[in-house]
Each structure stands twice: as structure tokens, then as C-alpha cells.
Amino acid sequence: MSSTVGKVIRCKAAVAWEAAKPLSIEEVEVAPPQANEVRLRILFTSLCHTDVYFWEAKGQTPLFPRIFGHEAGGIVESVGPGVTDLQPGDHVLPVFTGECGDCRHCKSEESNMCDLLRINTDRGVMLNDGKSRFSINGKPIYHFVGGSTFSEYTVCHIGSVAKINPAAPLDKVCILSCGISTGLGAALNVAKPKKGHTVAVFGLGAVGLAAAEGARLSGASRIIGVDLNPSRFNEAKKFGVTEFVNPKDHDKPVQQVIIEMTDGGVDRSIECTGNVRAMISAFECVHDGWGVAVLVGVPGKDDEFKTHPMNLLNERTLKGTFFGNYKPRTDLPGVVEKYMNKELEVEKFITHSIPFSEINKAFDYMLKGEGLRCIIRMEG
């Protein structure tokens, strides 16, 4: 048994003291896990756009000081009372949402939106007792979406931790705990393109390229990438994108451009930008009779989606998805196995790797739009 079990652990964490200011590496105290919680030793983590959005405090109630990070891989250090599914030494991926296993959503084959553990960006404490497990000199440091992986150790609810194959390299599969699975699942589980289909992907960041990868794995014959940044087009070819459209190059709505390119519209479209105009375009560019559009990006709080009802009556389907419709504990291990079986490449999503001491570089890369995923090595 580890000598740290049941004790407070002192370790390094990158603390955000205030909005949009560089993170500060601090020594924090991490309390032992309580009932239905596990304490994890984080080995690798990555920066997701969601971390940046809330670090900048855009559009929500700011909560600081806070430890961000939620896309990661690690090893269970200890478990709290009532935890039987995991034990120290298990290799795991913490997830920003969860699967309690008991609510109506968890018992439904059609939903992954757990009532207890679905994402809550405003909550900075644990569900068990309403307190943080992080502190500095007795003062609490808040959690972020149940993960807070920018710390050498963190505490998570058992329902937000997926046990994976211990042979899987954590420095690769850690990126499957958020964005890549979101895009991949949007294609494989929701859009479900058939072999030979034409697919449009709006937004060619990491999530959009993962959606393109899903379309490629499904056998799509044409994958049309739509983005305002033409520098992304060359990289997107690695993910199966065959054609590119920059809306700024045209004097007509991009949906009209795509309809003309595809003799009436694409079979499937996947929107990964969060821009409501892109969402409308993604829906209106699918073919009548059978076209399906899937919305992945998160819109602004005051955005409204407007389209003529005839677009629906003409047998176009509009769907939304959350985390690619994957149930975290049930389904994520299978996504990892796709990588292990060489069905899925994750290396091409990783464009940078830095030590934990240089974590602020990851923010710089993302703010400048450089690369896709930056792996942050917690040790050296």
C-alpha cells in the first residue's frame, strides 16, 4: 500500500489566480479522496480550448483561484470509501463529464448526459461535501469540470474516471479524454456516414479534424473541410479531408457553394465551431430527403438558430451531440482499444510536447492557433 494513502499530498500545480493571467506553479495540498472519489497521479495532460475559454473568463461567472485542465492520463493513487471499480495502480483517463450508472440517462442506451455528473463549469468543489480537495496554506483552490489535471495529483468522482488498458501509452491516449473523442464520436455515433457518402466538416481545429477522421474511418468518399483559416487546409489532408472551402472566398452563402459542389447537398455535415452562422450553414447544406447535420460546437448564450421550417419538412435531420455520445466509463476504453488496434491514429493530433514547468507555452500555442494538441509532461 502506498505510504500516501489517507494522507494529504503536497505537490506542484499550475494555479490560475485571476483571469487571463499566466498560470503560476505552486505547491498545493491535495486532500485524500472521500466517498466515491479517487485520487489520481497525473502523468500527462493537454490543453483544450475549453480551459482557455474559462481561463479568459468569457461569458460565465469567473471563479478563481482555480486549477484548470481536464484532458489527461494518469494512475490511481488511492480510492475513497465505497469505490470498488478502481484500485491503486489502475491506468485511467479523467473525463469532464461522467457516468454515475444509476440515473435515467445512464440507464438509457440513447444518452450519455448523466444527471449527476454532466459538465458543470460553475462548480468548483466536490459533490460529496461541497468542498475543494485543493488548498494552499489552508485556503481552497477551486476545481474545474471535475478534473483539474494541471496538478501532479488531483481528486475526481469515481463516475468521471475511465479505466483503460494499462498497455496504452498515456502520453498519446490522454488526448482521447475530451476533444478528439468528441469529434470522432460525432461522426461515428451520431452522423453515421455510410461508405461512399459525402461529408462536410465545419471548423478544422482538433475537434473538427477528429470528426473528419471519423468520416474517413466510415468510408466517406468526399470530405469537404470548411474553415476561415486557409493555413489549416494542408494539415487537414492527413485526416482525410479531400476538398476545402473558405467562406471568405465566395460572394454567396457557403451552404449554397456546397450544394452546388455536391449536386444538391452533402449526405452528412458536422459543425465544430460554435458559431451559430456556421451551424445554420451546416444544416442547410445537407441534401433533402436524407441529409443529417450534427452540431458539436457550443454557441454563445444569446445565440439563436434560425432556419425555414421547410428545410426540416423536406426531410433534413438536425442533431446535437455531447462528448460524441460516448458514455465515459463504458465507451472510452473501447476508443483506446481502437488506437491499440491501429484503427485510430492519435499521434497526428499531437503537435507539441512541453514540460509542466513551461505550461504557459501551451496557452500561447493555442491563442496563436499554432498546432492541435500540446502534451504537457508532468515530470520533466
Distance-only donor-acceptor hits, side chain of residues 327-335, under 3.5 Å, sequence neighbours excluded:
| from | atom 1 | to | atom 2 | distance (Å) |
| --- | --- | --- | --- | --- |
| K327 | NZ | H105 | O | 3.1 |
| K327 | NZ | C106 | O | 3.1 |
| K327 | NZ | S108 | O | 2.8 |
| K327 | NZ | S111 | O | 2.6 |
| R329 | NH1 | E99 | O | 3.0 |
| R329 | NH2 | D85 | OD2 | 2.4 |
| T330 | OG1 | E99 | OE1 | 3.3 |
| T330 | OG1 | E99 | OE2 | 2.5 |
| D331 | OD2 | K327 | N | 2.8 |

*asked:* Classify the ring geometry of Y365 against H352: parallel below 30°, tilted from 30° to 60°, perpendicular beyond 60°.
replied: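 Ring orientation, 0 to 90° scale: parallel.
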*asked:* Checking S269 now: which residues fulfil side-chain hydrogen bond (donor to acceptor under 3.5 Å, both in side chains) with it, not counting sequence neighbours?
replied: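 With neighbours one apart ignored, the set is empty.
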*Return the set of residues passing side-chain hydrogen bond (donor to acceptor under 3.5 Å, both in side chains) with S231 (not counting sequence neighbours), or none when no residue passes.*
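Result, side-chain hydrogen bond (donor to acceptor under 3.5 Å, both in side chains) vs S231: N229.
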*What side-chain hydrogen bond (donor to acceptor under 3.5 Å, both in side chains) pairs are there with at least one residue in residues 335-345, not counting sequence neighbours?*
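Matches after skipping sequence neighbours: N165-E337, Y339-E347.
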*Just jot down the salt bridge (charged side-chain N to carboxylate O under 4.0 Å, His left out) partners of E29, sequence neighbours excluded, or say none.*
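Salt bridge (charged side-chain N to carboxylate O under 4.0 Å, His left out) check on E29 returns R10.
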_Counterpart residues, salt bridge (charged side-chain N to carboxylate O under 4.0 Å, His left out), relative to E304 (two or more places apart)_ =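 Counting only residues at least two positions away or on another chain, E304 forms a salt bridge (charged side-chain N to carboxylate O under 4.0 Å, His left out) with K306.
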*How many angstroms lie between CE in M261 and CD1 in I224, if you round to the nearest 0.5 Å?*
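Going from CE on M261 over to CD1 on I224, the span is 4.0 Å.
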*Less than 6.0 Å separating the ring centroids of F150 and F68?*
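Ring centres of F68 and F150 not closer than 6.0 Å.
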*Of all pairs that satisfy ring-ring contact (aromatic ring centres under 6.0 Å, His included), the ones with a partner from residues 17-50, not counting sequence neighbours*: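 Sorted result for residues 17-50: empty, none.
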_Listing request: all ring-ring contact (aromatic ring centres under 6.0 Å, His included) pairs with a residue in residues 209-244, at least two apart in sequence or in separate chains._
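For residues 209-244: F233-F244, F239-F349.
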Within a reach of under 6.0 Å around [atom1] of [X], are more than 12 heavy atoms found that belong to other residues, nucleotides or ligands?
| X | atom1 | value |
| --- | --- | --- |
| K7 | NZ | no |
| R277 | CZ | no |
| D263 | CG | no |

Using distance only, find each side-chain donor-acceptor pair of residues 282-296 under 3.5 Å and give its atom names and separation, not counting sequence neighbours.
| from | atom 1 | to | atom 2 | distance (Å) |
| --- | --- | --- | --- | --- |
| E284 | OE1 | Q255 | NE2 | 2.8 |
| E284 | OE2 | T307 | OG1 | 2.7 |
| W290 | NE1 | D267 | OD1 | 2.7 |

State plainly whether one hydrophobic cluster holds both [X] and [Y], where clusters connect Ile, Leu, Val, Met, Phe, Trp and Tyr through side-chain heavy atoms under 4.5 angstrom apart.
| X | Y | answer |
| --- | --- | --- |
| V8 | Y142 | no |
| F356 | I136 | yes |
| I376 | F144 | yes |

*Just one of K238, R232, K237 clears the salt bridge (Lys or Arg N to Asp or Glu O under 4.0 Å) bar with E235, so which one?*
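By the salt bridge (Lys or Arg N to Asp or Glu O under 4.0 Å) criterion, E235 pairs with just one of K238, R232, K237: K238.
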Return yes if some donor-acceptor pair links the side-chain N/O of [X] with the main-chain N/O of [Y] below 3.5 Å, else return no.
| X | Y | answer |
| --- | --- | --- |
| S218 | K194 | no |
| S148 | T154 | no |
| R316 | N311 | yes |

*Qualifying residues under side chain to side chain contact (heavy atoms under 4.5 Å, CB included), relative to D90, sequence neighbours excluded*: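 By the side chain to side chain contact (heavy atoms under 4.5 Å, CB included) rule, D90 matches V76, L86, Q87, V92, K163.
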Under 3.5 Å donor-acceptor pairs involving side-chain atoms of residues 178-187, not counting sequence neighbours:
| from | atom 1 | to | atom 2 | distance (Å) |
| --- | --- | --- | --- | --- |
| S181 | OG | L176 | O | 2.5 |
| T182 | OG1 | C178 | O | 3.0 |

*Sidechain N-carboxylate O distance under 4.0 Å for R41, E379*: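 Looking at R41 and E379, the cut-off is met.
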_Suppose the criterion is salt bridge (charged side-chain N to carboxylate O under 4.0 Å, His left out): which pairs have a residue in residues 168-190, not counting sequence neighbours?_
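Residue pairs passing salt bridge (charged side-chain N to carboxylate O under 4.0 Å, His left out), neighbours aside: none found.
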